[in-house]
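Take a look at the structure set out below.
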Protein chains: 2
Amino acid sequence: MPMTPSSDNHDPAPGAGERERQSDAAYRRIKGSIVDGTFPPGLQMLEPELALKLGMSRTPVHEALVRLQDEGYVEIVPRRGMRVSALSPRDIREITEVLACFEVEAAERAAARRVAPEELAALDDAIAAMDRALEAQDLDRWNEADFRFHRLLIECSGNRHLIETAHRFLDKANRYRTLTTAHRLPPVYSNVNHAAVVEAIRRGDPQSAAEIHRAHKRRWLRELSDILARLGVAPDAGSTR
Amino acid sequence: MPMTPSSDNHDPAPGAGERERQSDAAYRRIKGSIVDGTFPPGLQMLEPELALKLGMSRTPVHEALVRLQDEGYVEIVPRRGMRVSALSPRDIREITEVLACFEVEAAERAAARRVAPEELAALDDAIAAMDRALEAQDLDRWNEADFRFHRLLIECSGNRHLIETAHRFLDKANRYRTLTTAHRLPPVYSNVNHAAVVEAIRRGDPQSAAEIHRAHKRRWLRELSDILARLGVAPDAGSTR
DNA sequence: ATGTGCTACAATGCACGCATTGTTGAGCTT
DNA sequence: AAGCTCAACAATGCGTGCATTGTAGCACAT
């Protein structure tokens, strides 16, 4: 069950010859289960239960849970164990907004500095993959390529603190990625915009890069609002806690 | 020694009637010591040593260290205990950039929504306090008020995820706050700009709010570059890890 | 004398146990 | 019968011990 099927998260990965700490394994596996939906929002689990399932003692599990709580994935309820945090429409919109903010900044910074050709090529690759996936109507592939594009774009900023934090938000966004993707229109505009952003970065035009991506994200936020309204409650309903 | 003199960090605070967990206390106290400079960058300490100093067992200390490592405050070196992370000029610039990005977004969002009058009043208060501190040439008071202003501005965004993350960065920025404040010119422009931003928020003008703050932050980043160049090495020297 | 290998020690991750505390259910009272 | 109180249990935080592992110092060989 906890096999993290096509898990996209960028966590250190088990490492090749290195042995992973149990605590890190617990962190990675629990987070993976939450992101890929194996642990749905609201799920409650006791520490001993988790420890048994993960085949380790309570100590590393406890440590992992505290870390996950720090990142907002779970809430530790005094006597009921961990509870997987809910993802309200408000949370989804807020996370998307923060991510948009990061990416606009990244696009601007990327255009303002000298970006390695390999990085630009990788961006092109991701866009090409999205195009192909779009034609084949393969949502999974499109998701993967879109995720890759955003990851790369952020990395092009050259700001390690931004990269670190934005990647954390990308992981969080993956919790609702499939949800929203399934309900959005065919994302043809995405690819056109992404290509335009890369073009602006390539010719070193920070103003355009930022503005194009900002406009794109604004459109996406509006579409997201529609999707959320259609999917659930009122446009600005739930609260997480 | 670990008395967190005028510690500005916003961590849950010991809580009144609530009893604090040892693990949280360790996290808070160690982080406080790092932020206020009691634990200078590069300092190495062993877990048993820390546990002794904090009057608790190794378990909660270990947990706290892992959390602090997640946030970039320390690095856990396999056999040498924790080491307080260095703060290179590059780190300082990057953190400042991310923070600027957050605040511009916050200013824009604040102007775009209905901000409670009390929040606006609190912002005015902070600006007034900065003015007074500036006249009295009291850097400590100015620092406190400036920190308060930025905190409040971020909170006005209404985006809880942005608030959470930006506050984490504010804490990080406090590690070098006194350092840079001591070396900057009297920050008269700051107050004028801050007042202009609040004014734009008050009259609900997102465009202006964002643009004014963006320009202000750009100026500050340039001044910061000068300070860093004057203080130390080359404009883009060190690397953290 | 210097370089290399071995040994002893110390730090760390994790398992386990204990004390604490909150919760649940049962029994009693009104 | 319903509500309240109390007692037993279970989860959790933390302290402690053990096994592992990396390091440093010493001795030996060249």
Side-chain angles (χ1 to χ4, degrees), chain A residues 2 11-31 33-34 39 42-85 241, chain B residues 2 11-31 33-34 39 42-85 241:
Chain A
D11 293 308
E18 292 289 330
R19 192 153 70 263
E20 188 181 24
R21 285 183 305 180
Q22 307 256 64
S23 159
D24 289 337
Y27 172 83
R28 199 175 38 77
R29 292 175 64 184
I30 298 172
K31 178 174 165 184
S33 293
I34 294 175
F39 288 179
L43 177 76
Q44 298 206 18
M45 262 184 112
L46 267 21
E47 283 185 15
E49 208 177 336
L50 261 174
L52 186 70
K53 192 188 284 269
L54 296 175
M56 59 182 76
S57 167
R58 280 174 33 231
T59 308
V61 172
H62 181 72
E63 201 179 290
L65 288 181
V66 173
R67 290 165 68 188
L68 288 167
Q69 186 180 38
D70 269 356
E71 291 193 68
Y73 283 102
V74 305
E75 297 153 47
I76 298 179
V77 199
R79 217 65 183 178
R80 322 302 274 268
M82 64 149 235
R83 187 178 57 198
V84 177
S85 296
R241 43 186 71 168
Chain B
D11 292 310
E18 291 290 329
R19 190 152 72 262
E20 189 182 24
R21 285 182 306 180
Q22 305 257 67
S23 158
D24 289 336
Y27 172 83
R28 198 174 40 77
R29 291 175 63 183
I30 298 172
K31 179 174 165 184
S33 294
I34 294 175
F39 289 179
L43 175 76
Q44 297 206 19
M45 264 185 112
L46 268 20
E47 284 184 12
E49 208 178 334
L50 261 174
L52 186 69
K53 191 188 283 270
L54 295 175
M56 59 182 78
S57 169
R58 281 173 33 231
T59 308
V61 172
H62 181 72
E63 200 178 290
L65 288 182
V66 173
R67 290 166 69 187
L68 287 167
Q69 186 181 38
D70 270 357
E71 290 193 69
Y73 283 102
V74 305
E75 297 152 47
I76 297 179
V77 200
R79 217 64 182 180
R80 322 304 272 267
M82 65 149 234
R83 188 177 57 198
V84 177
S85 297
R241 43 187 71 171

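Below, chain A is the first sequence line, B the second, and so on; all start at residue 1.
- Out of dC14(D), dG13(D), dT12(D), the shortest distance to the side chain of Pro48(A) is found at dT12(D).
- The shortest distance between the side-chain N/O atoms of Arg80(A) and the OP1/OP2 oxygens of dT24(C) is below 4.0 Å.
- Rounding to whole angstrom units, CD of residue Gln22(B) and C1' of dT16(D) are separated by 15 Å.
- Residues passing the side-chain contact (heavy atoms from CB on, under 4.5 Å) test with Arg80(A), sequence neighbours excluded: Gln44(A), Val77(A).
- With dC14(C), dT12(C), dC14(D) as the candidates, the nucleotide lying closest to the side chain of Glu47(B) is dT12(C).
- In terms of the salt bridge (Lys or Arg N to Asp or Glu O under 4.0 Å) criterion, residue partners of Glu71(A) (sequence neighbours excluded) are, by chain and number, Arg168(A).
- Atom pair Arg58(B):CZ and dC18(D):P shows a separation of 13 Å (rounding to whole Å applied).
- For Arg67(B), the salt bridge (Lys or Arg N to Asp or Glu O under 4.0 Å) partners are Asp70(A), Asp24(B), not counting sequence neighbours.
- For Gly81(B) and Met56(A), each mapped to the nucleotide of DNA chain C holding its nearest heavy atom, the one lying further toward the 5' end belongs to Gly81(B).
- Distance check: Arg21(B) CZ to Met56(B) CE gives 12.0 Å after rounding to the nearest 0.5 Å.
- Residues that satisfy the side-chain contact (heavy atoms from CB on, under 4.5 Å) test with Leu50(B), not counting sequence neighbours, are Ile30(B), Phe39(B), Met45(B), Leu54(B), Val61(B), Leu65(B), Met82(B).
- Residues meeting the side-chain contact (heavy atoms from CB on, under 4.5 Å) test with Thr59(B), sequence neighbours left out: Ser57(B).
- Contact check of residues 62-71 of chain A against DNA chain D (heavy atom, cut-off under 4.0 Å) returns His62(A).
- In this structure, Met82(A) places its CE atom 11 Å from P of dT12(D), rounding to the nearest Å.
- Between Ile76(A) atom CD1 and dG22(C) atom P there is a gap of 16 Å when expressed in whole angstrom units.
- Across dG15(D), dA15(C), dT12(D), the shortest atom-to-atom separation from the side chain of Pro60(A) is found for dA15(C).
- One axis for each end of the helix from dA1(C)-dT30(D) to dT30(C)-dA1(D), each built from five base pairs, and the angle between them comes to 0° at 10° resolution.
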Tabulated below should be each protein N or O lying under 3.5 Å from an N or O of nucleotides 20-22 of chain D; please produce it.
residue: dT21(D); atom: OP1; partner: Arg19(A); partner atom: NH2; Å: 2.7
residue: dT21(D); atom: O2; partner: Arg79(B); partner atom: NH1; Å: 3.4
residue: dT21(D); atom: O2; partner: Arg79(B); partner atom: NH2; Å: 2.2

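- A donor N or O paired with an acceptor N or O is not found under 3.5 Å between the base of dG13(C) and the side-chain atoms of Ser23(A).
- Taking atom CG on Leu46(B) and atom C1' on dG13(C), their separation rounds to 14 Å, with Å as the unit.
- With sequence neighbours excluded, the residues that form a side-chain hydrogen bond (donor to acceptor under 3.5 Å, both in side chains) with Glu47(B) are His62(B).
- Separation of atoms CD (Gln22(B)) and CD (Glu63(B)) is listed at 11.0 Å; rounding is to 0.5 Å.
- Contact detail for Ala64(A) and Ser23(A): the closest heavy-atom pair is CB-O, 3.9 Å.
- Separating the CZ atom of Arg21(B) from the P atom of dT21(C) is a distance of 15 Å, rounded to the nearest angstrom.
- Contact check, Ser57(B) against dG15(D): a side-chain N or O comes under 4.0 Å of OP1 or OP2.
- Of all the heavy atoms in Gly72(B) and Ser85(B), the pair that sits closest is O-OG, 3.0 Å.
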